[in-house]
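FYI, side chains are in, hydrogens and waters are out, and symmetry mates aren't considered; it's all heavy atoms of this structure. Just so we're on the same page: letters track the sequence lines, and every chain starts at 1.
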2 protein chains.
Amino acid sequence: MPEGERITKRGAIRQENEARILAAAEKVFAEAGFGGATMQLIADMAGLPKANLHYYFPTKEELYRKVVRQIFEIWLHAADSFDEAPGPVEAIGAYVDAKMEISRSHPFGSKVWASEVMHGAPVIQDYLETTLREWTAGRARLIQKWVDEGKMAPIDPHHLLYMLWATTQHYADFGHQIETLNGGRPLSDRQWKAAKETVKSIILRGIGAI
Amino acid sequence: MPEGERITKRGAIRQENEARILAAAEKVFAEAGFGGATMQLIADMAGLPKANLHYYFPTKEELYRKVVRQIFEIWLHAADSFDEAPGPVEAIGAYVDAKMEISRSHPFGSKVWASEVMHGAPVIQDYLETTLREWTAGRARLIQKWVDEGKMAPIDPHHLLYMLWATTQHYADFGHQIETLNGGRPLSDRQWKAAKETVKSIILRGIGAI
DNA sequence: GTCTATACAGAGATAGAC
DNA sequence: GTCTATCTCTGTATAGAC
């Protein structure tokens with residue numbers, strides 16, 4: 001079946017190029033914003049002619065949409081630990097660890113997401129109203145259960161979740177400011193570990209879980 | 001001295017127009033980003049012809065610079081409470097209150113600031129390296145003193161400050177997401193109060209100050 | 001001091017050769 | 001599937017009348 005092989009090969013090229021473009025786009029959108037990013041810049045960074053971007057992604061907005069969705073998926077998987085844990089200490093501890101790791105490994109994605117939400121979520125609004133709303137409601141119920149069981153102090157679950165998002169994503173979104181205050185150097189492994197421990201310790205102690 | 005009166009009158013018009021333009025610019029830059037904002041949009045919102053903007057602010061970048069500096073000044077004044085307090089409970093409590101109030105009253109400014117930092121602080125970098133660095137070092141020393149005096153647990157002052165910034169500014173920067181998760185309605189007075197109390201309570205308890 | 005008309009540059013998108 | 005050349009539109013900025 002030679003037809004199959006040709007399709008496979010063609011698919012491989014497509015997959016390779018789309019991945020290169022998406023990675024470049026994530027970086028450029030993060031650093032320049034949607035309006036400041038240009039297809040030319042993304043093309044140069046991806047090492048492809050500008051017209052090829054329009055071949056794989058018809059419009060700039062379509063490309064942007066893909067980038068935002070990609071990040072959203074990563075956020076969601078970070079919360080898997082939440083459900084499998086017996087209580088707040090394990091769940092929130094693992095969640096903070098996971099989100100801090102993502103802030104370190106995907107700083108561009110985090111910034112694109114932040115920018116999208118700050119501008120009123122023009123392309124991801126439907127996800128906020130469906131997927132994110134359900135995810136949040138589920139985790140809020142779980143936290144409320146822990147409160148009812150006396151495993152933590154009576155904290156409003158939503159505000160706790162906002163606090164977890166804010167503190168962990170801050171290390172990506174405001175990474176430049178943190179780096180500047182760190183003498184112009186990125187946080188070292190030791191400093192990242194300290195950040196994680198500090199965040200976990202303040203929050204877990206703060207909600208009366210430890 | 002008729003000359004003086006003319007200058008005063010001219011100054012009044014200028015002041016009025018500059019204020020209108022700055023307010024409109026803050027909103028447009030927050031909602032569209034620097035690249036997405038257009039002088040036409042800002043002019044329309046300010047109720048002035050586009051050319052007038054270029055009369056008062058030679059370039060788009062100069063106008064943006066003024067907006068960012070304005071916000072930076074507001075941040076700084078919010079911390080006055082920090083120095084006059086006898087210990088962490090009063091200082092951090094008042095600081096959180098002040099920053100939460102600003103998140104509510106100046107959400108656009110907060111977003112412009114966040115966007116500026118996320119993009120590598122192209123226009124405010126010198127302020128980060130001078131004013132903000134000194135401010136941070138001073139407050140970090142104060143926090144360390146409280147630790148040494150046994151008024152709170154041994155927390156890294158810098159990470160505590162990042163946490164304070166992250167949690168308070170989150171209510172402005174991610175206000176749209178919070179609103180969506182709140183059923184599409186902005187937080188009520190009661191909810192804002194609950195947010196403030198929750199943030200203060202978790203952090204103050206988390207650092208062992210109460 | 002204010003506004004209309006316009007110059008000039010840059011960006012998104014596409015046509016059509018290879 | 002890939003790339004060059006180009007079209008078109010929008011945005012910043014300015015010149016010059018009032």
Restricting to salt bridge (Lys or Arg N to Asp or Glu O under 4.0 Å), what partner residues turn up for Lys196(B), sequence neighbours left out?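 For Lys196(B) the salt bridge (Lys or Arg N to Asp or Glu O under 4.0 Å) partners, ignoring immediate neighbours, are Glu101(B).
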Listed by chain and number, what are the salt bridge (Lys or Arg N to Asp or Glu O under 4.0 Å) partners of Arg205(B), not counting sequence neighbours?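 Not a single residue meets the salt bridge (Lys or Arg N to Asp or Glu O under 4.0 Å) criterion with Arg205(B).
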Report the distance from atom [atom1] of [X] to atom [atom2] of [N], rounded to the nearest whole Å.
X	N	atom1	atom2	result
Leu41(B)	dT10(D)	CG	C1'	12 Å
Asn52(A)	dA5(D)	CG	C1'	15 Å
Leu53(B)	dT14(D)	CG	C1'	14 Å
Phe29(B)	dG11(D)	CZ	P	14 Å
Phe57(B)	dT12(D)	CZ	P	15 Å
Glu18(A)	dG1(D)	CD	C1'	13 Å

Would you say the rings of Tyr162(B) and Trp165(B) are close, in the sense that their centroids are separated by under 6.0 Å? yes
Checking Arg104(B) side chain against Trp192(B) main chain: does a donor-acceptor pair fall under 3.5 Å?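 Looks like no, no N/O pair under 3.5 Å.
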Do the side-chain N or O atoms of [X] get closer than 4.0 angstrom to the phosphate oxygens (OP1, OP2) of [N]?
X	N	value
Tyr56(A)	dT2(D)	yes
Tyr55(A)	dG1(D)	yes
Asn17(A)	dT2(D)	yes

Presence of salt bridge, Arg133(A) and Glu129(A), under 4.0 angstrom: no
Given dT14(C), dT14(D), dG1(D), which nucleotide is nearest the side-chain atoms of Ile13(A)?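 Between dT14(C), dT14(D), dG1(D), the one nearest the side chain of Ile13(A) would be dG1(D).
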Below 3.5 Å between N/O atoms, which protein atoms pair up with nucleotides 9-13 of chain C? Just atom names and distances, please.
residue, atom, partner, partner atom, Å
dG12(C), OP1, Ala37(A), O, 3.4
dG12(C), OP1, Met39(A), N, 3.4
dG12(C), OP1, Lys60(A), NZ, 3.3
dG12(C), OP2, Met39(A), N, 2.9
dG12(C), N7, Lys50(A), NZ, 3.1
dA13(C), OP2, Lys60(A), N, 2.9
dA13(C), N6, Lys50(A), NZ, 2.9

Is there a side chain to side chain donor-acceptor pair (under 3.5 Å) between Asp156(A) and Thr198(B) once you walk through the steps? CA-CA 7 Å; Asp156(A) 182 307; Thr198(B) 303; 5.9 Å; no
